[in-house]
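Single-structure report; data block below.
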Amino acid sequence: MPDMSASASLAMTHLVPLAKELDEDKVTPGVLGFIVFAVMALAVWGLMKSMNRHMGRVDFPESREPGADAENAAAANGAEKRG
């Protein structure tokens, strides 16, 4: 089995000059950052689409407000007395 430390040190000697060419004051997300952002955007889009589909299926009877019955009864009695 070949010695991995020799190949690792050889790789480092080639990568160190490349790292020095980069501007140390400039930070960029790179391709990995774009891929992560794109996957997250697709996930949010899929979740929103699913939520809209599920919310469209929800059907529930609306309950009356507690004070609405008394107001409706009083309005009906007042209309009967006037008419």
Side-chain angles (χ1 to χ4, degrees):
M1 183 169 233
D3 186 19
M4 296 304 279
S5 63
S7 61
S9 64
L10 181 63
M12 288 301 293
T13 57
H14 290 310
L15 291 177
V16 169
L18 291 175
K20 290 293 181 185
E21 292 177 10
L22 294 176
D23 186 12
E24 294 178 2
D25 296 329
K26 184 177 179 184
V27 178
T28 61
V31 176
L32 180 63
F34 174 75
I35 291 171
V36 169
F37 181 78
V39 167
M40 288 174 57
L42 286 173
V44 169
W45 177 77
L47 287 171
M48 292 294 289
K49 189 171 180 174
S50 175
M51 183 190 71
N52 283 334
R53 189 179 322 122
H54 282 87
M55 291 301 286
R57 292 181 187 166
V58 173
D59 186 27
F60 58 92
E62 293 187 25
S63 61
R64 292 185 158 179
E65 295 178 14
D69 292 334
E71 292 174 6
N72 289 339
N77 288 338
E80 290 175 4
K81 289 180 183 177
R82 280 188 251 151

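These figures come from a predicted structure and were not determined experimentally.
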Which donor-acceptor pairs under 3.5 Å do side chains of residues 45-52 form with protein atoms, sequence neighbours excluded?
from: Ser50; atom 1: OG; to: His54; atom 2: ND1; distance (Å): 3.4
from: Asn52; atom 1: ND2; to: Met48; atom 2: O; distance (Å): 3.4

Do Leu42 and Leu32 share a hydrophobic cluster, counting only Ile, Leu, Val, Met, Phe, Trp and Tyr and linking them when any side-chain heavy atoms are less than 4.5 Å apart?
no
Counterpart residues, side chain to side chain contact (heavy atoms under 4.5 Å, CB included), relative to Met40 (two or more places apart):
Val36
